[in-house]
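Since the structure comes first, as structure tokens, the remarks are kept for the end.
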Amino acid sequence: MSEWLVLAIAMAAACAVVLTITVLRERRLGEHDDPSQTPDVIEYMTMMVGVVYAIVLGLAIAGVWEGRNAAQDTVRAEAQALHEVSERVQVYAPEPRDRVRADIDAYVKHVVKKEWPVMLKQGDVTDQGARLLDKVRTDVTAYEPRDDHESQSYQPVLDQVGAADTARNTRAANASDTMPGVVWFGLIVGALVAVGLIFTLQIRRSPRELMLAGLYSALIAFLLFLIWDFNSPFGHEVADTTGPFTALFTV
């Protein structure tokens, strides 16, 4: 199911629930209920709860957004480092050069096609990916430069392998969801409280009040969906964040 469809269903469901409760509540109270009798303290408390919950939502969105950006930077760093290795071994002898490039291609294909789905599902990288990267490192470190030109290129190539390994370790450390379960509990309970408190203001069935109540609940549903979408640093599908690999290598 498309994420946009899920978002539309969630927002529509939130609006429908709030509007249905409002209409049923209006019918139950009847014409003798006077909304002007709502105590001022309830209006103040409702406003304060809304402000506090808005701050919490803002912090949560900022946290998952920062996590997604950091994850994308890590992927770009890993892909670029491997690309640099593949390009800089041009000065090597044909046989070791082709071996290094072949091992890099094998590693990239494994990461995109096999490791990424496992990472998204289990929040961890594969042992096979680590072995393939170690093979690239072994190819580079085992090579003996034939002249000064190759000697000058040797250390930068080795540094790029180290950068790729560092980026991979960072990717493994950040593969799990950004938000812990207790935060999700607070966000969901806060949403129920924030929406529930609007009924203490005794809103009526006028088009303006119904529209505002529906938009308010739909906005909260949208923000919660946004947090859920960015909560997975590397996305929910393989294509979400593997762009740097597919742009620099043929997968």
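We number each residue from 1, following the sequence as shown.
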In terms of heavy-atom contacts, S232 and D177 come closest through CA-OD1, 4.0 Å
Can you find a heavy atom in the side chain of L82 that is under 4.5 Å from one in the side chain of L133? yes
Might you confirm whether atom CD of E95 has over 12 heavy atoms from other residues, nucleotides or ligands at distances under 6.0 Å? no
Hey, are the side chains of T250 and D105 touching, using non-hydrogen atoms and a 4.5 Å cut-off? no
Would you say R97's side chain and V89's backbone share a donor-acceptor pair under 3.5 angstrom? no
Would the distance check show the side chain of N231 and the main-chain N or O of I227 forming a donor-acceptor pair, the cut-off being under 3.5 Å? no
Could you tell me whether R171 and E115 have a side-chain N and a carboxylate O separated by less than 4.0 Å? yes
If I compare all heavy atoms of L224 with all of W184, which pair ends up nearest, and what's the gap? O-CH2, 3.8 Å
Could you walk me through whether Y92 and Y143 satisfy the ring pair (Phe, Tyr, Trp, His ring centres under 6.0 Å) test, starting with their C-alpha distance in whole Å, then the side-chain angles of each, then the deciding distance to 0.1 Å, before giving a yes or no? CA-CA 9 Å; Y92 284 13; Y143 182 71; 4.1 Å; yes
State, yes or no, whether a side-chain contact exists between S153 and R88 at a heavy-atom distance under 4.5 Å. no
V118 and L120: same hydrophobic cluster, using ILVMFWY side-chain contacts below 4.5 Å? no
Within the side chain of D103, is there an N or O that forms a donor-acceptor pair under 3.5 Å with the backbone of V136? no
Determine whether Y107 and R168 satisfy the following criterion, side chain to side chain contact (heavy atoms under 4.5 Å, CB included), listing intermediate values before the conclusion. CA-CA 12 Å; Y107 171 76; R168 174 183 171 80; 3.2 Å; yes
How close do A106 and L132 get, counting heavy atoms only, and between which atoms? O-CD1, 3.9 Å
With rounding to the nearest 0.5 Å, note down the distance linking NZ in K113 to OG1 in T242. 10.0 Å
Could you check whether atom CD of Q128 has more than 12 heavy atoms from other residues, nucleotides or ligands sitting under 6.0 Å from it? yes
Nearest 0.5 Å, please: how far is CZ in F234 from OG in S176? 9.5 Å
Check: Q155/D159 side-chain N/O donor and acceptor closer than 3.5 Å: yes
When you measure from the side chain of D124 to the backbone of M119, do you find a donor-acceptor pair of N or O atoms at a distance under 3.5 Å? no
Over all atoms of both residues, closest heavy-atom pair of A14 and A221: CB-CB, 4.0 Å
Is any side-chain heavy atom of F245 closer than 4.5 Å to a side-chain heavy atom of E78? yes
Heavy-atom closest contact (A81 atom, A164 atom, distance): CB-N, 3.7 Å
Donor-acceptor contact below 3.5 Å, side chain Y154 vs main chain T141: yes
Is there a donor-acceptor pair closer than 3.5 Å between any side-chain N or O of R101 and the backbone N or O of S86? yes
Donor-acceptor pair, distance only, cut-off 3.5 Å: does the side chain of N169 make one with the backbone of D165? yes
Please check if the side chain of T126 supplies one atom and the backbone of G129 the other of a donor-acceptor pair under 3.5 Å. yes
Would you indicate whether the side-chain heavy atoms of V238 and P117 approach each other to under 4.5 Å? yes
Identify the heavy atoms of T241 and V75 that sit nearest to each other, and give their distance. O-CG1, 3.3 Å
Just list the side-chain donor-acceptor pairs under 3.5 Å for residues 48-61, sequence neighbours left out, or say none.
from, atom 1, to, atom 2, distance (Å)
Y53, OH, L187, O, 2.7
Y53, OH, A191, N, 3.3

Would W116 and H110 count as a ring pair (Phe, Tyr, Trp, His ring centres under 6.0 Å) if you check the C-alpha gap in whole Å, the side-chain angles of each, and the deciding distance to 0.1 Å? CA-CA 8 Å; W116 221 265; H110 173 80; over 10 Å; no
Value for CZ (F230) from OG1 (T178), rounded to nearest 0.5 Å, stands at 11.0 Å
Relative to each other, are the rings of F249 and H83 parallel, tilted or perpendicular (30° and 60° limits)? perpendicular
What's the separation between atom CZ in R68 and atom CG in D240, rounded to the nearest 0.5 Å? 6.5 Å
